[in-house]
Each structure stands twice: as structure tokens, then as C-alpha cells.
Amino acid sequence: MLAFPPEPCDSVAPPIRSGGFENNHDQSSRLIRTNDEESSEIMKVTVERASLLKSLSHVHRVVERRTTIPILSNVLLRAEQGVLNLRATDLDLEVTETLPADIEKAGATTVAAHMLHDIIRKLPDGAQVSLETGSDNQQMVIRSGRSRFTLQTLPDSDFPDLAAGDMSHTFTVGAADLHRLIEKTQFAISTEETRYYLNGIFLHTIEVDGGVVLRAVATDGHRLARVETPAPEGSNGMPGIIIPRKAVNEIIKLVEIAGEQVRIEMSASKIRLTFGSVVLTSKLIDGTFPDYQRVIPAGNDKVLVADKSEFAAAVDRVSTISSERGRAVKLAVADRKLTLSVTNPDSGSATEEVEVDYEASPLEIGFNARYLLDIMGQLDSDTAFFKLSDAGSPTLVQDREGSNALYVLMPMRV
Amino acid sequence: MPAFCRDCLAESAQGLLVCGVCGSRRIIGHDELHEVTIAHIDCDAFFASVEKRDDPSLHDKPLIVGGGKRGVVSTCCYLARRYGVRSAMPMFKALKLCPHAVVLPPNMAKYSAVGHQIRSMMDDLSPVVQPVSIDEAFIDLTGTQAVHQASPALTLARFAQTVQRDVGVTISIGLSYNRFLAKIASDLDKPNGFAVIGQQGVVDFLAPRPVGILPGVGAVFQERLRRDGITLIADLQKMDAGELTRRYGEDGLRLSRLAHGIDKRPIVTERESKSVSAETTFERDVASAEQLHHTILALSEKVARRLRHDGYSGSSVTLKLKTPDFKLITRSRALPSPTQLGSKIAQIGRELFDKEPKGKFYRLIGIGVSDLAGADQADLGDLVDTKAPQQAKLEKALDGLRDRFGSASIKRAALMPPVKKS
């Protein structure tokens, strides 16, 4: 039997939407670069193995392991004006990086991204790597020390360009702030195909108590995360955008290697983030994020404060007994005592008592144990601050009263 | 050897071929006659028998029920079978074999009613009845001796008489000590038959028979076995269970057991539903997305209503399409939580359909819901979908109206035939 709310299936493919966010051949052919004059002659360039590997590791993750369009398996290499530029894309997301290079002959080509990454990874530390395309530009030779590799190439002129177009808003945000906005909401992103507009983080600005904040919201319908930071200069009035899951996964990794600041440019359909030498451009989810404000409970008056680690450890322990599906844990709270219990008709039962601050009338409510633990993992403080209403209504969870990170959790029937 | 007369039910003396009481030749005798308790009951040429019952003028004519849209034989009477006509045979071929046969289109509503009548009579025999199809069921009569004041064999013989008298069709009875052998037995003496297979001598009984009679051995598996030199059950009996398991996995082990007359599958009264679905075959292949969307909605409502009626909800929706060249396409999507809402099932069905190449023709379309849960789990709504509980109330209210005033009493406007403007 399914308990409510069931855990979403994790294997759902990202949305394929008509308009703005599609991934079909029509779109790709429009994206194909047609400027033949840029199309290259022979390229010859030498780079340091370590910096090439680092750059490749940033871009190659975008490349899908399986793709029906051959050139999407490749990384674009363009050598000009003292730098080597790398670019990879899946037509929804594009990452580029530039690194210093010793250029003998400027030019460009494309080779298999994962294979190039593997080759460079296996070369010895401190090596110099030379990349040279043949005269017919059908192969690229990689030389380093006594190693020599020849890779098939595809013409750089066929490489799709995620033409970003005009960006309506540009601002810079502190890398730590961006990291926090994403890290604390990412877990709540839905994987559900039907409500594709939940498959990302909703980023927007909103006025709160006289000030403007940059706010990130994600929800899968069972839990919701809302985190905000004072709006950076220039962000006010930006369109509300939904950043798709795959872009979110890359941004969180790239922001860790960024300096202090990340530059963000956006339009209604695309976002571009610049992390030093790495630039990520992504299409946005073409949909309307639901009005999340109305599901954030305002009238919950039963306050429960628990020691976060103690509470999380107890939830984890009692949930051992629960079945794979419907991992419901029951919270019964009265006076200063919270009793956690799980009953599984197939295996047995477990209970544990936790001392808490609670002065409202006794209450029993059930939650999905994993969802509770996910939220506990996001709290920064030593305490977990709950605002409850009744067994059938959403519960609010925060670090503390008024924290700028807020979580809403749907109860389960127990 | 115990024996009795199937006509007057009088016990018969040993070895008699004619009943000493009524003179009938229908004597059934077997060493384990009064010990075996698992029965398989199969109606003889069911659709044809029902038609002959209702129109006595057909009594001595070869009768074929079938035709309709796709032109195959559904059922044919025993007279027609003498000409070589068989079920599932194309109609033109059947008529070539038996040109003077009477052909009637199937009247499923009537057969279903008669099937239910017989089934409810079976319920009087034992609480453990497992229907297999409209005209076929397993009955476990273990422990019913005291109630019926008769052995299962006698109870069944009496039942066959009752069915013939009250319903007007004949049945064939197979009686044994497990399902698989009961099913084989019911085929031994058709029509209006009664056959018993006991534990003694079962290995010898099975040995000369083809492996194809074993449950789970279809054409493909049979061909695979044939290539491996196994055609008769005797071939299986000679082989070690371990060897068969190594070769064919779990199927091998099962084969080995069946070949020795062992079948532990119980008779189960109600099979747990795994999915609820509805489908429709078009009179003419359809390509119009509008019409197919329309059909998806109608089918989804039907499925949803059945889910609600049976107390189920489902969290996976499957769209089934059959192309004019009989290629079957199925597309499924998991839902975040179980539903029994026709509107939601239809929405997902349409989204799945819209992903298929446009403008293609289909001969069949179906909608199914699986991954079933209880009704109490359905459409509780969540943080984003707050309308589901209201929708659920609405659809339940519609069910109430339809139960009371008939299924055509209220319809979605989208499913109404277009109104001509005057």
C-alpha cells in the first residue's frame, strides 16, 4: 500500500516542452552555426595537462553519455588569441571555459568529450599536451611525452551554439549566497514529468518587509523549500525564472570553484552565469511556477523546538523498521515530550522519546521519515523549529523563528 | 471401484456398463471417485449453445458465432466442428469448410448474463470458486461433503443436471486433486462430459501426452523444448528436476513438477487486481488527434469509475495503441501519488499520446491504470495540487447520479455529441 505522500520516482526524464525548452532536431538545426568564414584551418596548440584537465572536468559533465546527435558527444576546442576555449552542450545547457594556451596555429575542431577527458586524465602530472589537427581536419593528434593519440573530429562549424540573445537583467551575486540559495532548495526539486514546471528552482525577487530579496523556491508537492538573500543590485524586477535541474546540478559544482562573485545575466528564456573563466548558459523551464505563497502556513500556532541532531538521529533510528515505501514516522507530542514511532505490519515497531519545548495542546502527526531527515540536513542551527497546526495540515520548519530559510512539509496519514 | 450413474445418480455395481436402475450408459467410475475434490467446469461451445437454446430451429444446424468487425469465429457448435471449423479461424475459411453454417453475431451481453447465472449457481457448491473466463471456472470442493450430503463427484454430477435443466446449456466437468489435472480432465470427455484423474497412475497417464497441455507451455516455449528434444511429458519425466531447472530456470522446476502431476497452485476466489483498463477498437482506423483525445477521455472516465467502484486507485497510467498492422505500442508514466480521477488519467493519457508522431492511424486505443493502492490513498492533493480532493468529490457525485439515473444521465460536455445549430 502506498502511504501518503509517496516518494517521487527518481528516474523521470527531464521535461521536453514545446517552445523555448525543447530538444529536438528542428531546434538543433536552427542552432547550427552557419558562419563558414570562422571554420578553421589547421589548429596547433600546447597546454598544460593540469589546467586542461581541470577545464575539461568542468565542461564534459554537460555532455550526455548517450545522444542521438553525434556532435553533442563532442567538445568544441577553439584556439585563438592566447587562449584555448572549450565548449560543451546538450542543447539545453552549455558550459564554456577558457584557459591560457601556447598557440602555434589558431583554429578550431571538435572531438569526443568523454574520451578526451579520459585521455588527459591518464597523462602524467606536469605534462605538456599538444593538440594538432590534420591538414584535412578530420583527425586531431594529441601528443604528450611519449604518448600519441589520434581522435576523429567533427567540423567545428557544425557545433551548435546556444545563442543567448539579449539579456534583460545583469547583476552579480556573492558566490556564497548563490551557493546557499541553491544548496538549500535543490533537494525539494520534483522529478515528476507531468508537472514539469516543478523540475527546477524558481528564482525571483520579491519585496519583504520593505526590502527586496532574491528568493529561491523548489517543491515536489510534498515538501517545499524557500530560501532568500538580500537582492543584489540590478536584480530587482528580474523575471521569475525556473532553472532546470540539470543546470542546478552544474551550477552548484561550478559555484564552488568560483571566486567571490558570480555574474548572472538573464532573459525570459535563458540564464547565463559567469564563474571566472567558466560560463554556463542554460535554457529555462517554460512554465509557470505555482503560487507557492498560499501553501506556506501562516496560522500554525503550535510551536515545537527540538535539538536538531537528537531529533534527526531518533527519526533515523525508528525509521529503520519501516518498509521501503511509505516511510511514515508518527510524532506524538504532549507537554515536553515527543514520542516518535513507526509501525510496520511486516516487521515490527519502534518508538523513541525525545525531550522538546512544546506548550500547546497534545498533537499526533505523521511525516515521511526521509523528508524529515532531508530538511534536518538543511538546517544550520543546533535546533529545529517547527510550527504545527493539525494532523492534516502542512507544517513549517525553520532553524529558528524568522529565519530566511523556510521549509514546508505535508503530513502523511498514520 | 466406486461408480455411479450420471443420469439417475444411483450407485452402480462394479464393472457395469449400463445403469441397473435407469438403463443409462453414462456410468462414471474411478478408484478415487469420491476422494478427489478439485473441479474444473467448462461450458460446452458456450456462445453457440446459448444461441441454440434461444432458437430451437438452430438445433440441428452447424452454428458459428462470430464475424462482426474483424471477421473471426468466436465459438462454433459441435456440429460445425465436425467440418473442421475452429475458434479464432477467419470467417471466410470457416465458411469454405462449412458453407451451410448459420452465422450469428456475438451477443456478449446475453452470454455474460448466462455466464453470471451459472457462476452464481457454482457459488452454491463451494465458497472457493475461481472464475477463469465467462464460461469456465475452478471449484475447490474440499470439505463440502457434509453440507451437500454427497461426495464432490456426486455434487458435480447433480450440478451438471441442474445447469442443463435450469440454464439450458451443457457443461463438462474435470475432477482431480489439483488445478492443472482438473483442467486436463474437463477436456477428456467433451461435450457434456465428466472425467476423473486420480493420483494413482497419473505419471503413466501424462507420459504419452504432448508438453503443450501443460499450463505455461505456449507455442514459443513448446518450440524451444522441441528443439531440445522434449515433445512428450514422458521426456520431462525422464529428466532430473535439477537439470530442468538449470536449463529453463524456475519454469524448468515447474515443468518437472507438473510432469509428475504436482501442482500446488491453490484455487483463489478473487484474483487481486493489478490494473484497471479500458480499450476500444475502432470500426475504421483513426488518425485524428481530436477524436483520439476524445476517446482517451471517455476511456479514462470509464477506468476511473471502475477504480472508484472497486475501491482502488492507481499511480501509473498506461496508454495502449495498436497500429493498422497490429503493432502494439504502450507508453506509461508514473504519477507522484495514486489517483482515481478520470480527468487526471485522461490528462496523462493525452500527454503520452501527444508524444507519439502526429497523424498516424490507429485501430485500437486503450487506457490502463496500474500500481494499484486503496481508495483512501487517492487524490489527497498536495502543496501544489490543492484541487484534487474537490475533483474527487465531484467525480464521486457524478457516480451517484449515474448509479441512480443511468450512465448516460450526465456527461462531460466534451463527450457530448455535437449539437447542430438550427
Side-chain angles (χ1 to χ4, degrees), chain A residues 1-13 15-18 22-24 188 190-199 202 217-226 287-297 325-326 328 368 371 392-396 407-413, chain B residues 272-275 289 296 300 307 310-319 331-341 343-358 367 369-392:
Chain A
M1 290 274 273
L2 267 182
F4 177 80
E7 292 158 20
C9 166
D10 283 331
S11 60
V12 177
I16 296 170
R17 280 284 294 157
S18 55
E22 56 193 73
N23 197 349
N24 55 29
S190 168
T191 51
E192 186 192 330
E193 273 179 280
T194 300
R195 296 187 289 188
Y196 60 89
Y197 46 80
L198 301 180
N199 298 162
F202 180 50
V217 183
T219 182
D220 62 3
H222 306 302
R223 57 260 176 86
L224 176 145
R226 191 194 86 183
T288 308
F289 201 79
D291 176 15
Y292 64 89
Q293 295 280 41
R294 70 191 159 86
V295 302
I296 295 175
R325 260 180 145 174
N368 178 308
Y371 293 174
S393 307
T395 291
L396 199 71
Y407 307 93
V408 181
L409 186 56
M410 274 295 272
M412 279 174 100
R413 285 185 185 174
Chain B
E272 187 75 16
S273 281
K274 287 195 175 140
S275 68
I296 288 170
S300 300
L307 285 169
D310 298 344
Y312 286 119
S313 63
S315 37
S316 179
V317 174
T318 302
L319 170 76
R331 298 283 180 259
S332 297
R333 183 182 291 179
L335 304 181
S337 56
T339 188
Q340 45 176 218
L341 283 180
S343 53
K344 195 177 263 184
I345 296 165
Q347 185 204 336
I348 291 165
R350 287 167 171 185
E351 285 180 22
L352 290 170
F353 174 78
D354 289 342
K355 285 190 170 187
E356 294 305 304
K358 305 219 182 319
I367 286 284
V369 169
S370 53
D371 213 350
L372 298 183
D376 56 332
Q377 308 292 327
D379 305 304
L380 301 172
D382 61 26
L383 292 169
V384 180
D385 181 11
T386 49
K387 292 205 183 92
Q390 277 165 278
Q391 278 286 335

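Order of the sequence lines sets the chain letters (A, B, ...), proteins ahead of strands, with each chain counted from 1.
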- Point-to-point distance, once rounded to the nearest 0.5 Å, from CZ of A/R294 to OG1 of B/T386: 4.0 Å
- Item | Set of side-chain hydrogen bond (donor to acceptor under 3.5 Å, both in side chains) partners for B/S316, sequence neighbours left out | none
- Message: Please classify the contact between B/S313 and chain A as side chain, backbone, both or neither, with a heavy-atom cut-off of under 4.5 Å.
- Response: neither
- Using side chain to side chain donor-acceptor pair (under 3.5 Å) as the criterion, point out the one residue from A/R195, A/R223, A/H222 that pairs with B/D382. A/R195
- Task: Drop me the distance from A/T194's OG1 to B/L335's CG, to the nearest 0.5 angstrom.
- Result: 6.5 Å
- Query: Roughly how far, to the nearest 0.5 Å, is CE of A/M410 from CG of B/L380?
  - Reply: 7.5 Å
- Task: Applying salt bridge (charged side-chain N to carboxylate O under 4.0 Å, His left out), name anything that partners B/R350, two or more places apart in sequence or on another chain.
- Result: none
- Query: Per the side chain to side chain contact (heavy atoms under 4.5 Å, CB included) rule, which among A/V408, A/I296, A/L198, A/L409 passes with B/L383?
  - Reply: A/V408
